[in-house]
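To keep things clear, I will list the structure first and then write my remarks on it.
Just so it is clear, the structure is predicted and the values come from calculations on it, not from any experiment.
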Amino acid sequence: MGLLSTLKSLFICHLIIGYVFLVSGLLINLLQVCTLPVGLVSKQLARRINIRLGYCIASQVVAVLEWWSGTECTLYTDPKSYPLYGKENAIVLLNHNFEIDFLCGWTFCERFGVLGSSKVLAKQELAYVPVIGWMWYFLEIVFCKRKWEEDRRLVAQSLQNLRDYPENYWFLLFCEGTRFTPEKHQASMQVAESKGLPKLKYHLLPRTKGFWMTVQNLRGTVSAVYDSTLNFRDNETPTMLGVLNGKKYHADLYVRRIPLELIPEEEKECAAWLHKLYQEKDELQGAYEKTGLFPGPKTSPPRQLRTLMNWLFWSCVVLYPLGLMLTHVISSGSALTIIAAVVVSSAADLPSSL
């Protein structure tokens, strides 16, 4: 293992990455709070500012995947659809098999310039989580309680608020609702059998109500659904710890653009359409398991230097005063203080040696 690989595996480096993300994220959250008075004067200006501030947080995580880990992504898609990506509002359907699939969804957004304005359907509790949750609040993320009677009105209202959003956005949606596990799959297929639905091998049953509500409330605003299926080569199962350790993965992403007008408006017909889509996704996944390839042309959208520059900028902003403080402690502190600093540093690096 080379020197750089050894450095990336050190816990102290992971600690620094986490420190930069947390402290810079809180600073950016504070700047987002300052946009509240702006919103009273110009709602659209406040939205545009928050898109940039949200990007400053989200792109740090993307930079860790793209530049620290060096993970690559090959995109399989129709060449006729490719020029439209990033130039229209879209609902992006993602499979939910991996620990970092949401991060890969963000990377997909970044490659086409819509990371700062990307949306998700998230649990209400996440709105109270510092950095990510607070960022999502100011980005008008759609929160839900997973109680249909309560969500029906609240989610519809949040989606309607996006109809006049000033910049192109992608709405990332995990229709399965939770990450795939053998136990969840078994329970899901029992439900499929009880309802007379075709069984899936690689997916959980999609939750149709949330999808239908999203489509109905964004009609006339969103142009298409991007049916996306993510896999990793060599049957690897990537993790956030692997990314932090600098492990390089290679993702394959299949994206099919479906114009929104092709999706039925009636709830039952829309649900049937989504179940059929997931049967097709299951067949696609089965083919990938055998061949290690998706069908159709492939390309590799280049990673953007701006994610790295943003990461380095906030690292300098956050680490410079910390460096000054440590320098002051070492230069003017007692021997006991210096020993304590060494002990803390050693303790921080202990997990990497276990």
Side-chain angles (χ1 to χ4, degrees), residues 8 13-14 16-22 24-25 28 51 54-76 85-86 90-123 126 129-136 139 141 169-181 226 228-255 300-311 314-315:
K8 290 181 177 180
C13 291
H14 305 166
I16 291 172
I17 291 173
Y19 175 81
V20 170
F21 178 76
L22 178 61
S24 65
I28 295 166
I51 288 171
Y55 177 85
C56 289
I57 294 176
S59 68
Q60 289 187 52
V61 188
V62 172
V64 172
L65 181 71
E66 291 186 327
W67 296 96
W68 180 263
S69 164
T71 292
E72 297 180 1
C73 179
T74 297
L75 177 64
Y76 293 75
Y85 297 156
I91 299 170
V92 182
L93 301 186
L94 295 162
N95 56 325
H96 210 350
N97 291 40
F98 306 101
E99 188 175 306
I100 66 167
D101 48 13
F102 185 79
L103 177 53
C104 290
W106 268 5
T107 302
F108 182 33
C109 291
E110 164 56 25
R111 298 289 172 99
F112 293 96
V114 293
L115 176 60
S117 56
S118 63
K119 312 297 176 192
V120 295
L121 181 63
K123 292 186 292 185
L126 293 176
V129 176
V131 184
I132 292 292
W134 295 350
M135 172 192 76
W136 277 350
L139 288 178
I141 292 301
Y169 63 85
W170 288 356
F171 195 98
L172 308 183
L173 196 59
F174 293 96
C175 287
E176 295 167 89
T178 185
R179 193 186 308 159
F180 183 100
T181 67
Y226 297 166
S228 308
T229 302
L230 176 71
N231 273 301
F232 288 87
R233 295 187 185 177
D234 303 320
N235 293 318
E236 287 193 300
T237 304
T239 64
M240 274 306 301
L241 181 59
V243 171
L244 284 173
N245 281 327
K247 181 173 175 56
K248 182 177 182 178
Y249 300 103
H250 197 130
D252 284 326
L253 181 66
Y254 175 84
V255 180
S300 296
R303 59 184 178 179
Q304 302 297 321
L305 187 62
R306 60 183 175 234
T307 57
L308 178 61
M309 300 305 295
N310 175 75
W311 191 27
W314 287 105
S315 295

State, yes or no, whether a side-chain contact exists between Val62 and Gln304 at a heavy-atom distance under 4.5 Å.
no
Classify the angle between the aromatic ring planes of Phe174 and Phe102 as parallel (below 30°), tilted (30 to 60°) or perpendicular (above 60°).
tilted
If every non-hydrogen atom of Ile141 is compared with every non-hydrogen atom of Ala122, which pair is closest and at what distance?
CG2-CB, 4.3 Å
Using the six-membered ring wherever Trp is involved, compare the ring planes of Trp170 and Tyr85 and label them parallel, tilted or perpendicular (cut-offs 30° and 60°).
perpendicular
Please find the pair of heavy atoms, one from Leu139 and one from Lys119, that lie closest to each other, and give the distance.
O-NZ, 2.5 Å
Kindly give the heavy-atom pair with the smallest separation between Ser228 and Leu253, and that separation in Å.
CB-CD1, 4.1 Å
Evaluate the side-chain proximity of Lys247 to Lys8: yes if any heavy-atom separation is below 4.5 Å, no if none is.
no
Quick one: does any side-chain atom of Asn95 pair with a main-chain N or O of Leu230 as donor and acceptor, under 3.5 Å?
yes
Does the side chain of Ser24 come under 3.5 Å of the side chain of Gln60 through a donor N or O and an acceptor N or O?
yes
By ring pair (Phe, Tyr, Trp, His ring centres under 6.0 Å), Phe98 pairs with (sequence neighbours left out) Phe232
Between Glu66 and Arg111, is there a side-chain heavy-atom distance shorter than 4.5 Å?
yes
Can you classify the ring geometry of Trp106 versus Trp136 as parallel (below 30°), tilted (30 to 60°) or perpendicular (above 60°)?
perpendicular
What pair of heavy atoms forms the shortest contact from Asn245 to His14, and how long is it?
OD1-CE1, 2.9 Å
Please check this pair: side chain of Trp314 against backbone of Val20, looking for a donor-acceptor N/O pair closer than 3.5 Å.
no
Shortest non-hydrogen separation from Cys56 to Ile28 and the atoms involved
CB-CD1, 3.5 Å
Where do Glu236 and Lys248 come nearest, in terms of heavy atoms and distance?
OE1-O, 4.4 Å
Do His250 and Thr74 meet the criterion of a side-chain donor-acceptor pair at a distance under 3.5 Å?
yes
